[in-house]
There are 2 protein chains.
Amino acid sequence: MQDSFKISMDEFLPLRDVVFKTLRQAILTGELKPGERLMEIHLANKLGVSRTPIREAIRKLELEGLVTMIPRRGAEVSQITEKSMQDVLEVRRNLDALCAQLACERISKEELDALEEAKNDFEETVKTKDFKLIAQKDVAFHDIIIKATNNMRLITLINNLSEQMYRYRFEYIKDFSQHPTLIKEHQDIFNAIKAGNSEKAGEAAVIHIDNQKKAIIAQIRLDKLNKSGMKQDDQQHE
Amino acid sequence: MQDSFKISMDEFLPLRDVVFKTLRQAILTGELKPGERLMEIHLANKLGVSRTPIREAIRKLELEGLVTMIPRRGAEVSQITEKSMQDVLEVRRNLDALCAQLACERISKEELDALEEAKNDFEETVKTKDFKLIAQKDVAFHDIIIKATNNMRLITLINNLSEQMYRYRFEYIKDFSQHPTLIKEHQDIFNAIKAGNSEKAGEAAVIHIDNQKKAIIAQIRLDKLNKSGMKQDDQQHE
DNA sequence: GATACGTGGATTGTATACAATTAAGTACAA
DNA sequence: TTGTACTTAATTGTATACAATCCACGTATC
């Protein structure tokens with residue numbers, strides 16, 4: 001473990017929330033790896049707080065599914081299996097389609113303009129090959145659609161499901177050959193929403209997810225192979 | 001407040017989980033009413049534990065959406081507005097359809113038998129007019145379908161969404177006139193799943209939710225009227 | 001009489017202390 | 001050498017103590 005993630009004090013939030021965000025970020029970026037134990041005293045020292053906010057943050061991570069509790073042993077970062085990712089994607093497939101459909105009915109003129117801009121912005125950014133920025137612009141595009149549903153519960157759910165994919169989405173974006181496909185899919189989604197064609201929008205969203213699914217699942221299988229192939233070098237020292 | 005909910009010590013779980021379940025139950029049954037504050041010391045005394053498990057339980061309820069945090073004021077039971085229920089139902093409508101579709105593809109022979117039995121069981125129970133039992137048998141029927149999807153993430157999500165409807169589902173079941181409809185809808189769902197007809201199963205599930213939606217929304221509007229009509233008798237004494 | 005200010009109590013936020021349990025290591029015996 | 005029992009260290013689970021903040025009430029002044 002790199003021992004590098006730091007608490008960001010710029011926010012005026014209860015420590016538990018700062019810790020929650022910090023730990024979540026660390027898990028999503030892979031800084032805390034699946035299977036790794038979250039030891040309270042250790043984390044408390046590292047983040048410069050007491051055990052109380054750490055524990056409360058862990059309770060939230062637990063309900064979010066990012067950590068798994070083992071009685072009397074504490075929390076560890078949840079494993080991402082192919083099955084668990086299949087499950088996530090199966091649900092997202094439907095909810096993303098729902099989002100696109102609802103957006104057709106509910107999107108405002110301003111939001112539609114913003115969506116078009118986000119689409120163009122994404123296309124421009126793809127040319128730069130700056131993966132981090134591309135991922136960011138991709139999120140921006142989809143966020144507009146999700147927000148346009150005006151369904152708070154749906155927004156929360158999609159964000160939570162996206163989290164689970166976060167570590168692998170990057171691999172998809174890194175694949176140059178997929179970039180034209182990505183752009184095409186975004187265009188299809190945008191055009192369908194602009195035309196107010198729910199059916200087409202839903203279909204386009206499904207295609208978009210299915211393509212990502214292929215890449216993500218392939219990556220997971222690759223990871224698993226690497227992992228099982230590795231000698232026992234992966235002992236975690238302090 | 002009735003001051004009546006008690007901790008059940010029969011389980012061998014961390015106190016935080018016992019408290020979590022206890023508080024959730026109290027909220028879902030309406031024992032703790034929307035807007036009511038959850039004061040830690042108070043709850044700790046009532047349940048005979050310290051503040052620590054109470055706080056950790058509240059963190060989980062917070063993420064589940066059953067309580068709302070107000071900085072420096074603590075937690076209060078979340079309000080159920082018509083909008084929030086519309087949002088929940090909009091998502092459930094889709095996920096229930098997904099469940100039914102997936103069940104068509106994945107249900108085992110044993111599960112299908114169990115589903116038929118649950119269906120018949122429900123029909124028998126409806127005759128008794130025992131609302132609590134009817135609700136229970138209804139849950140049992142749907143649980144089999146949900147479990148048959150073999151998608152853990154979906155199961156968790158549906159259970160969480162069901163929770164939000166819990167308080168109002170009862171009102172629907174109390175309405176005698178709806179009983180034949182309920183039975184018919186269960187039959188339709190069962191037949192479609194038995195026939196392996198995903199499309200029909202999805203449609204049947206949607207109809208089932210839509211009918212419940214009518215009843216639930218009507219009930220919420222009624223509640224709101226009663227509430228706003230009430231004189232200020234609802235001051236909360238100790 | 002109304003409004004502004006101050007003070008005290010109640011409640012949350014955070015830290016620490018204590019208890020219980022697990023896990024590992026070591027020594028001793030078969 | 002292996003197995004078992006005991007001891008000790010580490011970690012979680014729970015309780016309590018302390019700090020900071022907010023809210024309501026009362027008083028004083030305009």
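Quick note on labels: first sequence line is chain A, next is B, and so on, each numbered from 1.
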Partners passing salt bridge (Lys or Arg N to Asp or Glu O under 4.0 Å) against [X] (at least two apart in sequence or in another chain):
X        : answer
B:Arg73  : none
B:Glu163 : B:Arg24
A:Glu62  : A:Arg59, B:Lys60
B:Asp113 : B:Lys109

**Q.** Interface residues of residues 54-75 of chain B with DNA chain C (non-hydrogen, below 4.0 angstrom)
**A.**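 Under 4.0 Å from DNA chain C: B:Arg55, B:Arg72, B:Arg73, B:Gly74.
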Q. Earliest and latest nucleotide of DNA chain C, 5' to 3', sitting under 4.0 Å from a non-hydrogen atom of chain B?
A.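 The contact span of chain B on DNA chain C goes from C:dT11 to C:dT14.
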Set of side chain to side chain contact (heavy atoms under 4.5 Å, CB included) partners for [X], sequence neighbours left out:
X        : result
A:Asn94  : B:Asn94, B:Leu98
B:Arg72  : none
B:Lys214 : B:Asn211
A:Lys147 : A:Asp143

Q: Please report how far the helix from C:dG1-D:dC30 to C:dA30-D:dT1 bends, comparing the axis fitted to its first five pairs with the axis fitted to its last five, to the nearest 10 degrees.
A: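 For the helix from C:dG1-D:dC30 to C:dA30-D:dT1, the axes at opposite ends meet at about 0°.
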(Q) Under the rule for ring-ring contact (aromatic ring centres under 6.0 Å, His included), what residues qualify as partners of B:Phe141, not counting sequence neighbours? (A)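 Counting only residues at least two positions away or on another chain, B:Phe141 forms a ring-ring contact (aromatic ring centres under 6.0 Å, His included) with B:His186.
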Q. Under 4.0 angstrom, heavy atoms only, what part of the nucleic acid is A:Arg16 near: base, sugar-phosphate, or nothing?
A. sugar-phosphate
(Q) Closer than 3.5 angstrom, by distance alone: can the side chain of B:Arg106 be matched with the main-chain N or O of B:Thr149 as a donor-acceptor pair? (A) yes
Q. Given that B:Leu38 and A:Pro53 both sit by DNA chain C, which one's nearest nucleotide is further toward the 5' end?
A. B:Leu38
